[in-house]
J.: 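Take this structure first; my questions come after.
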Amino acid sequence: MIRVGVNGYGVIGKRVAHAITLQDDMKLVGITKTKPDFNALTAVNKRHPIYYVVPENVDLFKQHEIEVSGKLEDLLQEVDVIIDATPKNVGIFNKPLYEKAGVKAIFEGGEKADVAQCSFNTYCNYNEALNKDFIRVVSCNTTGLARTIGPLTKLGKLGKIRVVLIRRAADPVESKKGPINAIVPEFKVPSHHGPDLKTVLPGIDIVSVAVVVPTTIMHLHTVMIEVDGSFTRDDVIETFRKIPRIKLIDSNEGFASTAEIMEYARSLGRYMGDLYEIPVWKDTINIKDGELYYMQAVHQEAVVIPENIDAIRAIMGAEQDGEKSRKITDKSLGIDD
Ligand code: NAD
């Protein structure tokens, strides 16, 4: 049994914690909370032991009749690996605590790549993460791109890859973020997403640009890749069809936008109505004048959860074969093989 803790129980942390409880080879020892908010109540309902990180708030937990099992440092004594799901750029400050406790750590995509010995995606570089001390699961956008571009690199030689990312403005829970009536360009051009993808797919030639739109669920990626004629549209469809963490969808099935995709996802009955797979619109896949085109969406709150579970097996060296880990994870999460 791999003993796992989750530091930071927000959008990503609570989903990873839940997924850990579904694994036969892992045990969730506990999670941390800064304050006794609604996420703390979720942890109570799910019987996850709660550890505190802000000593001044311990009395607040008592006032809300929420039992705490100790502090973060106590949790670190009990685990083999910690998932750091604290907000962007906070994990780097936690790293010395993990080092001191001699605990392995998995960081998330909001941290810079150099927080870890390697960045991670199951389909791209599972083996690189084996037995490391610190790894980083790449962000939701990067995971989405890695899921489709990674397999395409094995199909044939890819030329320049261009991606336009249309990004959700905030997660559904974030009531104070905007914009609510504007499309905001990311003024850093090209955006950081291309270089981030290269942390798990170093051989590719990619540029990306991004805009932020007033929606809370799902990013949409428009992908354009120069190809050399060695494979066809049907080969691309067949490649995507064989990958369980990609779901081919079609506008003729009523998937007219991200709204229908998330309505479909909620009907699957998974935790939080999550869609772990990357939906790719089959009808957008086309090869014209030496360029492959397709559009895909990303359920940003959910997509990295399977990779976090695989990352635990990889960092612990508990499963040497990424494909075997993927199968175990997918079965536990209800992803069809
Ligand atoms: P979040 O804000 O929803 O959750 C973070 C949690 O950590 C909150 O509950 C917060 O109270 C807590 N926290 C804050 N400081 C802490 C500290 N010092 N110690 C312990 N807990 C602390 O954030 P999130 O969206 O879950 O993001 C977590 C990480 O995952 C980030 O690196 C982010 O970039 C990445 N990520 C987010 C998404 C997404 O769409 N939300 C997708 C993929 C990756």
Side-chain angles (χ1 to χ4, degrees), residues 5-19 30-43 48 50-58 60-61 66 68 70-76 82-98 105-113 115-116 119-121 134-147 165 167-177 192-193 196-197 210 212 215-220 258 262 272 274-276 278 297-309 311:
V6 175
N7 189 22
Y9 191 74
V11 169
I12 299 299
K14 72 176 154 195
R15 287 170 165 84
V16 177
H18 171 79
I31 61 99
T32 66
K33 279 299 304 166
T34 54
K35 52 187 179 298
D37 62 6
F38 68 93
N39 275 327
L41 295 178
T42 302
H48 299 335
I50 298 175
Y51 291 74
Y52 64 86
V53 280
V54 183
E56 304 87 78
N57 285 354
V58 173
L60 279 179
F61 283 94
I66 293 176
V68 287
K71 54 183 187 292
L72 169 62
E73 287 79 354
D74 298 326
L75 175 62
L76 293 177
I82 189 98
I83 305 286
D84 188 299
T86 58
K88 191 175 171 175
N89 295 327
V90 172
I92 183 74
F93 296 104
N94 290 329
K95 192 175 171 187
L97 282 178
Y98 308 149
I106 296 169
F107 297 94
E108 301 299 321
E111 298 304 313
K112 298 208 168 51
V115 73
S119 292
F120 177 83
N121 176 267
F134 299 108
I135 63 178
R136 164 187 170 262
V137 173
V138 289
S139 73
C140 47
N141 277 304
T142 308
T143 297
L145 292 170
R147 289 256 186 95
L165 297 100
R167 299 181 51 201
R168 64 88 178 95
D171 288 335
V173 71
E174 293 174 310
S175 60
K176 293 194 173 68
K177 273 197 182 171
H192 70 279
H193 305 93
D196 199 40
L197 186 58
V212 175
T215 184
T216 61
I217 310 190
M218 301 205 111
H219 307 294
L220 192 146
T258 53
M262 287 314 301
M272 304 294 292
D274 280 349
L275 188 69
Y276 304 117
I278 289 294
V298 181
H299 182 199
Q300 79 279 357
E301 301 163 292
V303 70
V304 298
I305 307 308
E307 265 74 3
N308 267 275
I309 298 300

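Just follow the structure's listing: the first ligand is 1, and inside any ligand the first atom is 1. Note: hydrogens, waters and symmetry copies are ignored here, and every other heavy atom, side chains too, is used.
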J.: Under 4.0 Å, heavy-atom basis, I'd like to know which part of Cys140 is in contact with ligand 1: side chain, backbone, both or neither.
T.: both
J.: How far is atom 14 (C) of ligand 1 from the closest protein heavy atom, and which atom is that?
T.: Pro87 CD, 3.2 Å
J.: Quick one: OG1 on Thr34 to CG on Asn39, what's the gap to the nearest 0.5 Å?
T.: 9.0 Å
J.: Do me a favour and list the nearest non-hydrogen protein atom to atom 5 (C) of ligand 1 with residue, atom name and distance?
T.: Ala85 O, 3.4 Å
J.: Decide whether an N or O pair under 3.5 Å exists between Val53 and ligand 1.
T.: no
J.: Considering heavy atoms of the protein only, find what lies nearest to atom 35 (C) of ligand 1 and give residue, atom and distance to 0.1 Å.
T.: Glu108 CB, 3.8 Å
J.: Can you tell me if Glu174 contacts ligand 1 (heavy atom of the residue under 4.0 Å from the ligand)?
T.: no
J.: Nearest protein heavy atom to atom 42 (C) of ligand 1, by residue and atom, and its distance?
T.: Gln300 O, 3.2 Å
J.: Does the Asn308 side chain pair with the main chain of Ala311, one donor and one acceptor, at a distance under 3.5 Å?
T.: no
J.: I want to confirm something. Looking only at heavy atoms, which of Asn7, Val138, Asn89 is nearest to atom 20 (C) of ligand 1?
T.: Asn7
J.: Cation-pi between Lys33 and Tyr51: NZ/CZ under 6.0 Å from ring centre and within 45° of the ring axis?
T.: no
J.: To the nearest 0.5 Å, tell me how far His219 NE2 sits from Asn141 CG.
T.: 4.0 Å
J.: How far apart are the closest heavy atoms of Gly144 and Val298, and which atoms are they?
T.: CA-CG2, 4.3 Å
J.: For ligand 1, does Thr34 get within less than 4.0 Å through its side chain, its backbone, both, or neither, judged by non-hydrogen atoms?
T.: side chain
J.: Counting only heavy atoms not in Lys112 (residues, nucleotides, ligands), do more than 12 fall under 6.0 Å from its NZ?
T.: no
J.: Between Arg168 and ligand 1, is there a nitrogen or oxygen pair with a distance under 3.5 Å?
T.: yes
J.: Can you list the ligand 1 atoms lying under 4.0 Å from a non-hydrogen atom of Val90?
T.: 18 (N)
J.: Any atoms of ligand 1 less than 4.0 Å from a non-hydrogen atom of Gly8? List them with their elements.
T.: 7 (O), 21 (N)
J.: Are any non-hydrogen protein atoms located under 4.0 Å from atom 26 (O) of ligand 1?
T.: yes
J.: Between Gly91 and Phe107, which heavy-atom pair has the shortest distance, and what is it?
T.: O-CE2, 3.4 Å
J.: Does the pair Glu111 and Asn89 meet the rule for a side-chain hydrogen bond (donor to acceptor under 3.5 Å, both in side chains), with working shown?
T.: CA-CA 5 Å; Glu111 298 304 313; Asn89 295 327; over 6 Å; no
J.: Is Lys14 close enough to touch ligand 1? Criterion: a residue heavy atom under 4.0 Å from a ligand atom.
T.: no
J.: So which heavy atom on His299 is nearest to which on Asp274, and how close?
T.: CE1-OD1, 3.2 Å
J.: If you count the atoms of ligand 1 from 1 in the order shown, which ones are under 4.0 Å from a heavy atom of Lys33?
T.: 9 (O)
J.: Please name the pair of heavy atoms, one in Val304 and one in Glu108, separated by the smallest distance, quoted to 0.1 Å.
T.: CG2-OE1, 4.2 Å
J.: Before giving the answer on side-chain hydrogen bond (donor to acceptor under 3.5 Å, both in side chains), spell out for Arg136 and Ser119 the whole-Å C-alpha distance, their side-chain angles and the decisive distance to 0.1 Å.
T.: CA-CA 5 Å; Arg136 164 187 170 262; Ser119 292; 2.6 Å; yes
J.: Record the part of Tyr9 in heavy-atom contact with ligand 1 below 4.0 Å; permitted values are side chain, backbone, both and neither.
T.: backbone
J.: Would you mind checking which non-hydrogen protein atom is closest to atom 4 (O) of ligand 1, with the distance to 0.1 Å?
T.: Gly10 CA, 3.3 Å
J.: With backbone taken as N, CA, C and O and side chain as the heavy atoms from C-beta onward, which portion of Ile12 lies under 4.0 Å from ligand 1: side chain, backbone, both, or neither?
T.: both
J.: For atom 32 (O) of ligand 1, which protein heavy atom lies nearest, and how many Å away is it?
T.: Gly110 N, 3.0 Å
J.: Select the closest option to atom 31 (C) of ligand 1 among Thr86, Ile305, Asn141, Thr216, judged by heavy-atom distance.
T.: Thr86
J.: For the pair Glu307 and Arg147, find out whether any cationic side-chain nitrogen is under 4.0 Å from an anionic carboxylate oxygen.
T.: yes
J.: Restricting to non-hydrogen atoms, name the atom on Ile31 and the atom on Ala43 that form the minimum distance, rounded to 0.1 Å.
T.: CD1-CB, 3.8 Å
J.: Roughly how far apart are Leu97 CG and Leu76 CG, rounded to 0.5 Å?
T.: 6.5 Å
J.: Are any of the heavy atoms in Asn39 under 4.0 Å away from ligand 1?
T.: no
J.: Note the single closest protein heavy atom to atom 39 (C) of ligand 1, along with its residue, its atom name and the distance in Å.
T.: Asp171 OD2, 3.5 Å
J.: Going by distance only, is there an N or O of Val11 that falls short of 3.5 Å from an N or O of ligand 1?
T.: yes
J.: Are any of the N or O atoms of Ser139 closer than 3.5 Å to those of ligand 1?
T.: no
